[in-house]
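Position 1 is the first residue of the sequence; numbering continues from there.
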Amino acid sequence: MGTKDLVFTVLAALAPLTLIVAVAPLHFLKGGAAVPGAYLVAGLVMALFAVGFMTMSRYVRNAGAFYAVITRGLGRPVGSGAATLALLAYNTLQISTYGALGLYAADTFDKYTGVSLPWWVFALVAVVLVAWLGYRGIHTSARILGILLVLEIAVLVVMAVCVLAKGGAGETSFTSFSPATVFTPSNAAMFALVFGAFMGFESTAIFSEEARGGVRTVRRATYIAVGFIAVFYALITWTIVQAIGADGIAAAAGQDTAGLVIAVFDRYTPDGVSAVMQVLLLTSAFAALLALHNAANRYLFALGREGLMPKAFGRTHPRTQAPLAAGAAQTAAAGVVVVLWAAFDLDPYLQLLLWGSAIGFLGIIVLWALCCLAVVSYLRRNAPEAGLWRTLIAPGLSFLALCVILVLALANVSLLTGAGTVTNAVLLGLGVLAFAGGIASALSLRSRAPERYAVLAETSVDETPETVAVEPA
């Protein structure tokens with residue numbers, strides 16, 4: 001994979017069109033006109049995170065990125081716990097997206113054909129297609145993701161240009177980027193949600209073993225992804241604020257959360273653009289499914305290869321080099337969940353998309369924070385020549401910011417899940433169990449095979465501190 005392939009894969013997992021249409025209205029509901037500025041703040045924190053994470057990538061090159069980094073910095077048991085938490089997070093994010101795709105697809109199919117089919121029919125078709133493309137290998141996936149990503153970005157750019165060309169709701173205002181607007185206590189819930197827009201950008205490192213050009217390609221793709229997410233989302237949400245008005249955006253989101261952005265398309269864009277956008281919502285969700293499938297099965301592959309999961313998961317297809325058993329297991333898990341949801345008539349949005357996304361979001365915030373600590377611990381001991389900024393200041397600042405976001409997210413967990421106390425406790429408990437189970441797996445391996453345990457996450461080191469030349473940031 002080259003830089004372009006990596007960037008497309010990562011951004012497709014974030015599903016820009018789906019986020020803007022289906023998720024950003026909730027951000028507006030909690031933060032009003034401050035949302036565009038909040039994306040830039042979140043982007044700054046993630047850029048600080050990327051400084052240390054990418055410096056660490058010079059010493060660790062592994063398909064289980066979080067696992068390898070945290071193992072090297074905080075020890076094998078914690079690294080193993082992080083790996084199982086990452087496996088849970090990526091899988092719940094991927095599987096929950098089938099609920100969104102099934103729901104969107106059923107509504108669109110009914111609208112244009114008059115035939116009503118249950119959401120799970122479309123979800124199961126998507127499971128099969130994702131499995132097939134994942135089996136074909138990462139190059140096929142990257143090409144598909146690139147096409148779909150360009151299309152969904154293009155339709156958002158058309159909307160933004162139309163809004164600005166027509167002058168929006170009145171006078172152009174930049175209050176969305178004012179610190180006085182962004183940094184107010186009432187925006188705490190908004191910040192807890194906005195960071196979710198960056199979930200998965202770090203997955204560039206997951207594909208480091210498949211990257212053409214090695215560390216340089218991964219580092220370049222990561223910085224491009226962070227910069228694009230922050231700037232593009234800030235600009236697009238700012239044009240939505242202009243379309244409705246800074247003073248009225250929060251109220252408008254409260255009146256019609258689901259239809260807020262669709263109404264902007266209907267009002268400002270030429271006839272037909274809104275219909276195209278609604279079709280592209282399906283391809284956006286599908287692109288996210290495919291990208292998250294590739295990320296999730298590579299974590300399982302890494303764990304199987306290192307003995308923390310059955311060794312069969314550590315095998316690849318002889319021709320495509322895709323993780324074969326890991327991909328099949330991920331597909332089977334998704335299929336089982338969709339079938340269970342259909343059998344028990346559970347809600348694909350409130351009880352699949354929201355619950356799964358919440359587990360994934362909270363899990364990844366914890367992993368980001370642990371990565372920051374691991375980076376500081378490892379680089380200060382083994383690569384102080386990389387400089388204070390890379391080894392302490394940048395990862396330290398991002399760790400503090402991520403701890404604040406984690407506290408805000410936990411305080412607003414009901415907003416993330418749409419569920420009650422008991423359900424929230426169960427969902428949070430799954431994350432705790434996954435982390436504890438990973439630690440237990442590593443300790444068990446230490447007692448069963450101490451020699452194998454001693455080399456966990458060591459065999460995949462790309463370069464040693466002694467041989468790496470420190471380059472400018």
Got a donor-acceptor contact below 3.5 angstrom from the Ser441 side chain to the Gly437 backbone?
no
Ignoring hydrogens and geometry, is there a side-chain-to-backbone donor-acceptor pair from Ser377 to Leu373 under 3.5 Å?
no
Quick one: does Thr84's side chain have a donor or acceptor within less than 3.5 Å of a partner on Ala434's backbone?
yes
Using a distance-only test with no angle check, is there a side-chain donor-acceptor pair under 3.5 angstrom linking Asp110 and Ser116?
no
Students often mix this up, so state it plainly: with edges at 30° and 60°, are the rings of Tyr39 and Tyr233 parallel, tilted or perpendicular?
perpendicular
Is there a donor-acceptor pair under 3.5 Å between the side chain of Glu152 and the backbone N or O of Leu17?
yes
Examine distances only and state if a side-chain atom of Thr423 and a backbone atom of Gly420 form a donor-acceptor pair shorter than 3.5 Å.
no
Kindly indicate, with the supporting measurements, whether the criterion side-chain contact (heavy atoms from CB on, under 4.5 Å) is fulfilled by Phe195 and Met46.
CA-CA 9 Å; Phe195 273 77; Met46 291 294 96; 4.2 Å; yes
Look only at the side chain of Thr113 and the backbone of Phe109, and say whether a donor-acceptor pair between them is shorter than 3.5 Å.
yes
Gln94 (side chain) donor-acceptor with Leu292 (main chain) under 3.5 angstrom:
no
Where is the tightest heavy-atom contact between Leu93 and Ser96, given as atom of each residue plus distance?
O-OG, 3.0 Å
Regarding Ser80 and Arg76, is there a side-chain donor-to-acceptor distance under 3.5 Å anywhere?
no
Taking the side chain from Trp341 and the backbone from Asp347, do they hold a donor-acceptor pair closer than 3.5 Å?
yes
